[in-house]
Amino acid sequence: MRKKEIIAMILAGGQGTRLKALTKNNAKPAVPFGGKYRIIDFVLSNCANSSIDTVGVLTQYQPLILNAHIGIGMTWDLDRKFGGVRILPPYQHEAGGNWYKGTADAIYQNINYIDYYNPEYVLVLSGDHIYKMDYNPMLEYHKEKKADCTIAVIEVPMEEASRFGIMNTHEDGRIYEFEEKPKKPKSNLASMGIYIFNWNKLKHFLKEDQKDPTSSNDFGKNIIPKMLQAGAKLYAYRFYGYWKDVGTVESYWEANMDLLKEDCPIDLYESVNKIYAFDYSLPPQYIGPEASVKNSMIVDGCIIYGEVENSVISRGVYIGKNAKVKDSVILPNVRIEDGAVVIKSVVGNGVRIREGIRVGDGSEIVLIPENKDVKENIIKG
């Protein structure tokens with residue numbers, strides 16, 4: 001049997017309700033980000049840049065746009081006959097069929113897919129985080145430690161640690177305790193939702209977890225604690241780069257604004273380890289003679305006649321004469337007409353903001369749902 005050393009499984013089925021209107025008709029990993037990307041482009045690019053050529057994408061909620069975006073994986077050089085990228089929705093089988101009940105259940109329902117490649121290791125990833133990471137050093141660390149599971153962790157401010165799953169470790173990095181959103185955390189090592197498992201060991205715990213009727217079938221709540229209880233060797237792998245969980249409108253807006261900082265913490269312009277995105281083959285951006293653009297990202301297909309400051313402008317956006325956009329994230333195919341003002345807002349796909357209308361006053365983030373025709377001022381979110 002042909003064999004892969006490691007394959008990746010990307011959990012991309014979450015509803016993402018805290019992103020509100022951004023995920024009403026779209027899976028969270030497929031939400032546009034950074035002008036020309038979708039959120040899932042980051043983890044798919046990380047896999048490609050780490051030479052991981054077999055990737056399963058586990059979808060569930062509103063998968064149409066996500067499936068169409070991934071296609072056969074050509075954008076990330078994942079269009080392979082043996083391996084490549086595969087969309088893995090829940091399916092009917094002999095024992096019946098269910099929606100994915102939790103992160104661990106999603107992997108359990110795809111045991112046959114994983115076994116087909118007979119891997120030594122399985123890399124489990126989340127499809128809705130913004131970061132750049134080479135997974136190879138983590139795999140080497142996993143091998144060196146002879147670990148059963150290695151979990152990527154990042155140091156967070158101690159005052160924020162209660163928002164995360166926290167790993168408590170010995171000096172050598174071995175995890176002795178996992179706390180899910182503890183009120184009084186003992187450390188600030190937060191789980192990034194990135195796991196490397198020895199496949200045979202994980203398969204055993206997945207099958208045992210399925211026998212427990214009280215289980216949530218979740219990695220953080222069930223699998224990791226059960227592995228620790230059974231004496232399995234779990235290690236924490238420290239990551240020192242930029243990582244952002246864009247799970248709320250606020251964190252989504254902040255992550256986009258991070259791209260505009262002079263000391264941008266995530267480099268989208270380096271010649272290696274690129275973040276790959278689908279090419280829409282649009283015409284070049286056009287900046288009109290009276291336009292003003294400061295500290296902003298403007299993607300192909302945009303026509304700018306007005307003023308843009310500290311904003312991310314996605315493809316196909318029109319900004320009319322004397323219009324002003326500041327501290328905002330404008331998603332694709334938005335039309336902002338003459339004299340309109342948009343401040344500290346996230347404007348959804350296909351929105352039309354009529355002439356002279358004002359959106360936002362800078363006091364809070366305003367979210368405009370996709371395809372909305374804005375004919376009246378919207379000052380608060």
Side-chain angles (χ1 to χ4, degrees), residues 10 16 18-19 22 28-50 76 123 125-138 141 151-167 185 187-195 236-277 293-299 308-314 325-331 344-346 362 365:
I10 300 176
R18 292 181 299 160
L19 281 176
L22 291 175
K28 181 179 171 185
V31 170
F33 177 84
K36 68 176 296 181
Y37 308 100
R38 294 186 185 272
I39 293 172
I40 200 169
D41 290 345
F42 286 78
V43 67
L44 285 171
S45 297
N46 289 338
C47 288
N49 292 330
S50 303
W76 306 274
L123 172 64
L125 303 165
S126 175
D128 51 13
H129 296 155
I130 303 298
Y131 67 108
K132 294 176 72 173
M133 182 178 181
D134 182 351
Y135 301 122
N136 286 304
M138 182 177 174
Y141 177 88
I151 303 172
V153 297
I154 191 167
E155 293 186 10
V156 298
M158 203 66 187
E159 60 271 18
E160 295 181 19
S162 59
R163 294 173 42 222
F164 298 90
I166 295 298
M167 304 293 159
S187 82
N188 65 339
L189 293 180
S191 170
M192 297 168 63
I194 300 171
Y195 311 94
Y237 173 81
R238 293 185 182 230
F239 177 70
Y240 296 98
Y242 178 87
W243 176 84
K244 190 85 166 181
D245 179 355
V246 287
T248 66
V249 173
E250 291 74 18
S251 62
Y252 174 81
W253 177 84
E254 289 169 359
N256 274 278
M257 293 299 104
D258 284 345
L259 300 177
L260 302 174
K261 293 178 179 177
E262 188 172 351
D263 56 345
C264 177
I266 183 167
D267 189 356
L268 298 179
Y269 298 94
E270 62 178 342
S271 57
V272 296
N273 297 324
K274 296 179 181 178
I275 302 300
Y276 300 96
V293 176
K294 298 178 181 177
N295 193 45
S296 296
M297 289 181 169
I298 313 291
V299 179
V308 179
E309 182 179 350
N310 202 57
S311 295
V312 175
I313 312 297
S314 303
V325 177
K326 183 178 180 182
D327 300 332
S328 294
V329 182
I330 311 299
L331 272 56
K344 199 177 181 180
S345 299
V346 177
I365 301 167

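- Across all non-hydrogen atoms, the minimal contact from N310 to L260 is C-CD1, 3.4 Å.
- Contact of the L259 side chain with the F33 side chain is registered, since non-hydrogen atoms from C-beta on lie closer than 4.5 Å.
- In this structure, the side chain of K244 does not engage the main chain of Y131 through any donor-acceptor pair within 3.5 Å.
- Annotation for F239 and K132: closest pair CZ-O, 3.4 Å, computed over non-hydrogen atoms.
- Two residues are said to be in side-chain contact when any heavy atoms from C-beta on lie closer than 4.5 Å; I275 and I266 fail this criterion.
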Query raised in the report: Given the rule in the side chain to side chain contact (heavy atoms under 4.5 Å, CB included) test, do V31 and I40 qualify, once you have shown the distances and angles that lead to the verdict?
Result: CA-CA 8 Å; V31 170; I40 200 169; over 6 Å; no

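- Comment: D41 does not engage R38 in a salt bridge, judged by the lack of any side-chain N to carboxylate O separation of less than 4.0 angstrom.
- When side chains are defined from C-beta on, I365 counts as touching E250, because their heavy atoms get closer than 4.5 Å.
- A heavy-atom distance below 4.5 Å is not found between the side chains of I330 and V312.
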Query raised in the report: Would V346 and Y252 satisfy side chain to side chain contact (heavy atoms under 4.5 Å, CB included), going step by step from the backbone distance to the final call?
Result: CA-CA 9 Å; V346 177; Y252 174 81; 3.9 Å; yes

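- Between atom CE of residue M257 and atom CG of residue N295 there is a gap of 9.0 Å, rounded to the nearest 0.5 Å.
- Under the 3.5 Å distance criterion, the side-chain polar atoms of S296 are matched with a main-chain donor or acceptor of K294.
- N256 is not listed as a side-chain neighbour of D258, based on a closest heavy-atom distance of 4.5 Å or more.
- In this structure, K28 pairs ionically with D245, as a charged nitrogen and a carboxylate oxygen lie closer than 4.0 Å.
- Between D128 atom CG and I39 atom CD1 the span is 7.0 Å, to the nearest 0.5 Å.
- For N188 (side chain) and V156 (main-chain N/O), a donor-acceptor pair under 3.5 Å exists by modelled atom type.
- Here the closest heavy-atom approach between residue P29 and residue G127 is recorded as CB-O, 3.2 Å.
- Separation of atoms CG (N273) and CG (N46) is listed at 8.5 Å; rounding is to 0.5 Å.
- At most 12 heavy atoms of other shown residues, nucleotides or ligands fall within 6.0 angstrom of atom NZ in K36.
- Side chain of Y141 to main chain of A236: a donor-acceptor pair is present (N/O by atom type, distance under 3.5 Å, no hydrogens or angles).
- The backbone N or O of K274 lies less than 3.5 Å from a partner atom in the side chain of N49, making a donor-acceptor pair.
- Across every non-hydrogen atom of G247 and S251, the tightest pair is N-OG, 3.2 Å.
- For the pair W243 and M133, the minimum side-chain heavy-atom distance is 4.5 Å or more.
- In this structure a side-chain-to-backbone donor-acceptor pair under 3.5 Å is present from S328 to S345.
- Between K344 and K326, every side-chain heavy-atom pair lies at or beyond the 4.5 Å cut-off.
- With hydrogens and angles ignored, the 3.5 Å screen pairs no side-chain donor or acceptor of S162 with any backbone N or O of E160.
- Nearest heavy-atom pair across C47 and L125 is SG-CD1, 3.7 Å.
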Query raised in the report: Do L331 and L22 pass the side chain to side chain contact (heavy atoms under 4.5 Å, CB included) test, and can you show the C-alpha distance, the side-chain angles, and the key distance before you say yes or no?
Result: CA-CA 10 Å; L331 272 56; L22 291 175; 3.9 Å; yes

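- Here the shortest heavy-atom pairing between S187 and A161 reads O-CB, 3.9 Å.
- I154 CD1 to M192 CE: the interatomic distance, rounded to the nearest 0.5 Å, is 5.0 Å.
- For S126 (side chain) and H129 (main-chain N/O), no donor-acceptor pair under 3.5 Å exists by modelled atom type.
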Query raised in the report: Run the side chain to side chain contact (heavy atoms under 4.5 Å, CB included) check on E155 and L189 step by step: do they pass?
Result: CA-CA 5 Å; E155 293 186 10; L189 293 180; 3.7 Å; yes

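- You'll find the side chain of Y237 stays beyond 4.5 Å of the side chain of I151, heavy atoms only.
- Side chain of S191 to backbone of G165: no donor-acceptor contact under 3.5 angstrom is found.
- Judged purely by atom type and a 3.5 angstrom limit, S314 has no side-chain atom pairing as donor or acceptor with the backbone of P32.
- Among Y242, W76, Y37, the one residue that satisfies the ring pair (Phe, Tyr, Trp, His ring centres under 6.0 Å) test with F42 is Y37.
- Residues passing the ring-ring contact (aromatic ring centres under 6.0 Å, His included) test with F164, sequence neighbours excluded: none.
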